[in-house]
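Only one structure is covered here, and it is reproduced in the block below.
Naming convention: chains lettered A, B, ... in sequence-line order (proteins, then strands); numbering from 1 in each chain.
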Amino acid sequence: MLENALRGDKKYWGWIAFLLGVMFVGLLFYLHQLHYGLGVTGLGRDVTWGFYIAQFTFLVGVAASGVMVVLPYYLHNFKVFGKLTVLGEFLAIASVIMCMLFIFVDMGQPFRIANVFLHPTPHSLMFWDTVVIFGYLILNVIISRVTFSAERKGIAPPSWIKPIILLSIPWAFSIHTVTAFLYSGLAARPFWMTAILAPRFLASAFAAGPALLVLLCLVVRKVARYDVGREPLQKLAVIITYAMAINVFFILMELFTTIYSNIPEHLAHIKFLYLGLEGNTRLVPWMWASSILAVISLVLLINPRTRKNETVLAFACVVTFLSLWIEKGLALVIAGFIPSPLGVVPDYWPTIPEFLISMGVYAVGFLVVTVLYKIAISVRERLAA
Amino acid sequence: MSVDRRKFFKIAGLTALSLASKPAFEVFAEGVDPVDSTATIPPPTTQPTGPLTAHRWAMVIDIHKCMAEHGCTKCIAACHLEHNVPDFGNPKDEVKWIWKESFGHAFQEQENEHLHEEMKHQSVPVFCNHCDNPPCVRVCPTKATWKREDGIVMMDMHRCIGCRYCMAACPYGSRSFNWRDPRPFIKEINPKFPTRTRGVVEKCTFCVERLAQGMPPACVEACTAQAMTFGDLEDANSELRTALRERFSIRRKAALGTNPEIYYLV
C-alpha cells in the first residue's frame, strides 16, 4: 500500500519537500537543545511547562476526537461517515505521534524515558497517560489497517476487529480524561484544580478535532479531487456546534465559580489571563482574541444558513480551531504557573528554537497525515475506476 | 516497598558515585538504614560518632532569631557550597536548595496590611518541607523521588527523566531543574558531593550524606543565631518537640494536606 505514497505530481512532492525541510530545521534546533539543555526554551524555575506541553495537551484532544466519526459509524451504523472514518483514524494516528514527540522534546533526559516502563508507578498520572496514549496509537493502527485492507480487497472486515473498535471508543475518552487528570489533581495549582477540567478538555477536543477534519476534507477535495461528500461535513458541523457551545458554557461556569467565590489564589490566574497581573499582560490580547473568535464561531455555526454554506463553514472551522488553540494550546498550561504558588508573577514566552522545534514536530504530523491520506485516496480512486 | 527503595538507592547511589570520592561512597552505603531513636545533634566541634537517625526528621525555625540577623545568608552559603549548587546569576536558570523569601510570599495566607513590622520587611528561610504526604512523590512517573522511612523526601538525579511534573506539583517551589549544564557555574566544587548534569531536578535532602556521618544538616550547623533546630519529631523529649510545645508555630500551606515538616516559630 505504501507505494501509493511514492507516486505523486509536482505539487505533492513540493509539499513533502517543504515538510521535510521544516522537520530538518526542527531537528537541528533539537540537537542544539539536546546539547545545551532545555534552557534554550523560554521556560524557567517558575514556569516549568510551556509550549511543548501545551501542544501535547491540545493534540491529545485532536487525537481523541477521532471518536466523533468512529462512534456514530460503528455504534449507530451511521453510514454517512463511511468515507470519513478512516480519515478520522489517520488524523488520530498523526496526532498521537505528535503528542509523543512533544513529550519527548520536553524531557530533560529524553534517553531515560524508558524509566517510565522500567519503574512503573501507578500512583503517577503521567504513567497512566503514557499507557493510554500508547494504547490508543496501537488500537488505531490495528483498526485502520484491518478495516482499510478489507475495503481494498472489497471484503467485509474480519469479525474479531469489532470488539477492538468498540474498545477504542471509551479509550478515546480516556486519553483526554487522563490528560486532564495530569493537571486537575495538583493542589499546588488552583487554576487547573477544577473537576470540570476533563469535561472541558473533551468538549474543546470534540470541537477542535472535527473542525480540523472538515478543513482537511475540504483541502483533499481541492488538491486531490477526492470528495467525501457534502453530508458528512454537515453532520460534522453539527457535532462541532454542540461541542463548541458546551465548551463555552463550561468556561463561563469556571469564570462564575472563580470570580464570585473570590478566592485570591484562584482569581489571580483569571486576572492574569484577561486583565494582566502586576504588569504582565502577555496573554491578555490572546485571551480576548480567543473569546471574540469563540463568539464568531458560535454565531456562524448555530445559524443554520451560515453553517450550511460550505464556504462560511470552512471559515467557521478556522475560527473555532484558532479560538480553541489559543485557549488550550497556549493559555491553559502557561496560566497554571502564573502567578507561582508563592505569589510571584514570572514571565514566559516561547523562544525561537522552542517554536521551530515545535514546528518540526507539527511537520512530522502533517507528513504522516499527507502520506496516510494519499494512500487512502489512491486506493479508493482505483476501486472507483 | 521500603526495602525495594532502599535496595534501589544503594545500587543507584553507589553506581552514581563510583566516580566520586570514597567518603561520599561510604555515606550513601551506610546512610540508608534509619534504625532508632534519639536525635540529639552534636555541637559542630565534636567528632562524629555514628550516623544520626530518627523516626521522623523535622525542623523548627525560630523566625525571630533568624530575622534578628538582618540579611544573613550563612545557611544558604553553607548548603550551596556543600551540595555544589551552581550560581547562574539569573532567575530563569536558577537552582536553589534553600533561600530567603519574604514573609508574605512564604506565608501568603498569613499576610495582611498591618502585619508586624519585622514580618513585613524581613524574609524567612524556605526549602523543601519534607512533607509527610508529598505531592511530588505522588506524581513522579519513575519513583525518582520518594519518601524515606525517616520522612526525608529523597531525589535520585540518575533516574529522573526531567519531566518536571514534581515541580508542577510542589506547592512550595522547592524544586529546581538544571536548564543547562550547571558545572561551569559552581564557584567552588566540593569533591565529597556529586555535581549534576543538565536536564534533572534537584532539591534539599536534609543533608542525608551528613546525617550518615553523624553531622547535622549544613544549614543548621551554619546558623550562628541558632534559629534552626533539627530533630526527631517522634521523640517527645527532643529539643524540637520542646520548642513546638512551648511556642506557637505555623507551617506553609498546611491546608493543602501535604503535612509539611518544617515548623516556623512566630
Side-chain angles (χ1 to χ4, degrees), chain A residues 33-49 53 103-104 106-130 182-183 185-190 192-193 264-265 268 333 336-337 339-344 346-348, chain B residues 4 8 88 90-96 101-102 104-109 111 126 133 135-144 146 156-182 197-201 252-253 255-258:
Chain A
Q33 177 185 298
L34 208 54
H35 176 74
Y36 181 92
L38 276 161
V40 301
T41 66
L43 299 168
R45 201 178 184 284
D46 287 318
V47 182
T48 53
W49 283 344
I53 293 296
I103 289 291
F104 188 80
D106 189 68
M107 292 294 118
Q109 288 288 336
F111 301 118
R112 292 183 193 167
I113 207 154
N115 281 359
V116 176
F117 300 104
L118 293 174
H119 311 286
T121 312
H123 53 70
S124 170
L125 263 308
M126 199 173 277
F127 166 73
W128 289 111
D129 211 29
T130 318
L182 282 181
Y183 299 99
L186 302 182
R189 309 285 169 182
W192 298 330
M193 212 195 66
E265 283 197 354
V333 171
F337 292 98
S340 80
L342 277 72
V344 178
D347 192 21
Y348 164 79
Chain B
D4 280 353
F8 142 71
F88 293 101
N90 73 69
K92 182 180 172 298
D93 291 328
E94 192 176 26
V95 173
K96 51 189 177 185
E101 196 65 65
S102 72
H105 281 159
F107 295 95
Q108 266 175 302
E109 65 281 6
E111 204 189 12
V126 293
N133 186 12
C136 53
V137 170
R138 203 182 312 148
V139 301
C140 177
T142 61
K143 304 188 193 86
W146 74 100
D156 177 8
M157 292 104 164
H158 295 90
R159 187 185 282 193
C160 175
I161 59 172
C163 72
R164 312 185 297 291
Y165 199 9
C166 55
M167 296 177 83
C170 176
Y172 310 104
S174 296
R175 292 175 160 266
S176 299
F177 181 74
N178 288 281
W179 297 100
R180 52 188 297 196
D181 185 8
T197 181
R198 62 188 175 281
V200 296
V201 172
R252 296 175 66 199
K253 299 201 180 195
L256 296 183
T258 51

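- With hydrogens and angles ignored, the 3.5 Å screen pairs no side-chain donor or acceptor of A:N115 with any backbone N or O of A:L118.
- By number of non-hydrogen pairs under 4.5 angstrom with chain A, the leading residue of B:R138, B:E94, B:R252 is B:R138.
- For A:F337, the part lying near chain B is the side chain, with the backbone staying farther off; criterion is any non-hydrogen pair under 4.5 Å.
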Where do B:K253 and A:E265 land on the salt bridge (Lys or Arg N to Asp or Glu O under 4.0 Å) test, with the steps shown first? CA-CA 12 Å; B:K253 299 201 180 195; A:E265 283 197 354; 3.5 Å; yes
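- B:R175 touches chain A through its backbone: at least one of N, CA, C or O sits under 4.5 Å from a heavy atom, while the side chain does not.
- For a residue to count as touching a neighbouring chain, one of its non-hydrogen atoms must lie under 4.5 Å from one of that chain's; by this rule B:E109 does not touch chain A.
- The minimum heavy-atom distance linking A:P122 with A:W128 is given by the pair O-NE1, 2.7 Å.
- Contacts of B:F177 with chain A are made by side-chain atoms alone, with heavy-atom separations under 4.5 Å and no backbone atom involved.
- A salt bridge does not link B:K143 with B:D156: none of the charged nitrogens is closer than 4.0 Å to a carboxylate oxygen.
- No other option in A:L43, A:L182, A:T130, A:I113 has as many heavy-atom pairs under 4.5 Å with chain B as A:L43.
- Proximity to chain A involves both the backbone and the side chain of B:C163, based on heavy atoms less than 4.5 angstrom apart.
- Using a 4.5 Å cut-off between heavy atoms, B:Y172 touches chain A through its backbone atoms (N, CA, C, O) alone.
- Remark: side-chain polar atoms of A:T41 are paired, donor with acceptor, to backbone N or O of A:L38 under 3.5 angstrom.
- Counting heavy-atom pairs under 4.5 Å between each of B:C160, B:S102, B:G257 and chain A puts B:C160 at the top.
- B:S174 has its side chain out of reach of B:K96: every pair of non-hydrogen atoms, C-beta onward, lies at least 4.5 Å apart.
- Remark: B:C140 SG to B:W146 CH2 distance equals 10.0 Å, nearest 0.5 Å.
- Heavy-atom pairs under 4.5 Å with chain B were tallied for A:L34, A:D46, A:L125; the largest tally goes to A:L34.
- For chain B, the nearby parts of A:L342 are the backbone and the side chain; heavy atoms of each come within less than 4.5 Å.
- For A:I103, no part lies near chain B; criterion is any non-hydrogen pair under 4.5 Å.
- In this structure, B:T258 contributes its side chain and B:N133 its backbone to no donor-acceptor pair below 3.5 Å.
- If you tally non-hydrogen atom pairs under 4.5 Å between each of A:R45, A:M107, A:M126 and chain B, the highest count goes to A:R45.
- The choice from B:C170, B:A106, B:P91, B:A168 that makes the most heavy-atom pairs within less than 4.5 Å of chain A is B:A168.
- Proximity to chain A is limited to the side chain of B:Q108, based on heavy atoms less than 4.5 angstrom apart.
- A side-chain donor-acceptor contact under 3.5 Å links A:T121 to the backbone of B:P141.
- The aromatic ring centres of A:W49 and A:Y348 sit 6.0 Å or more apart.
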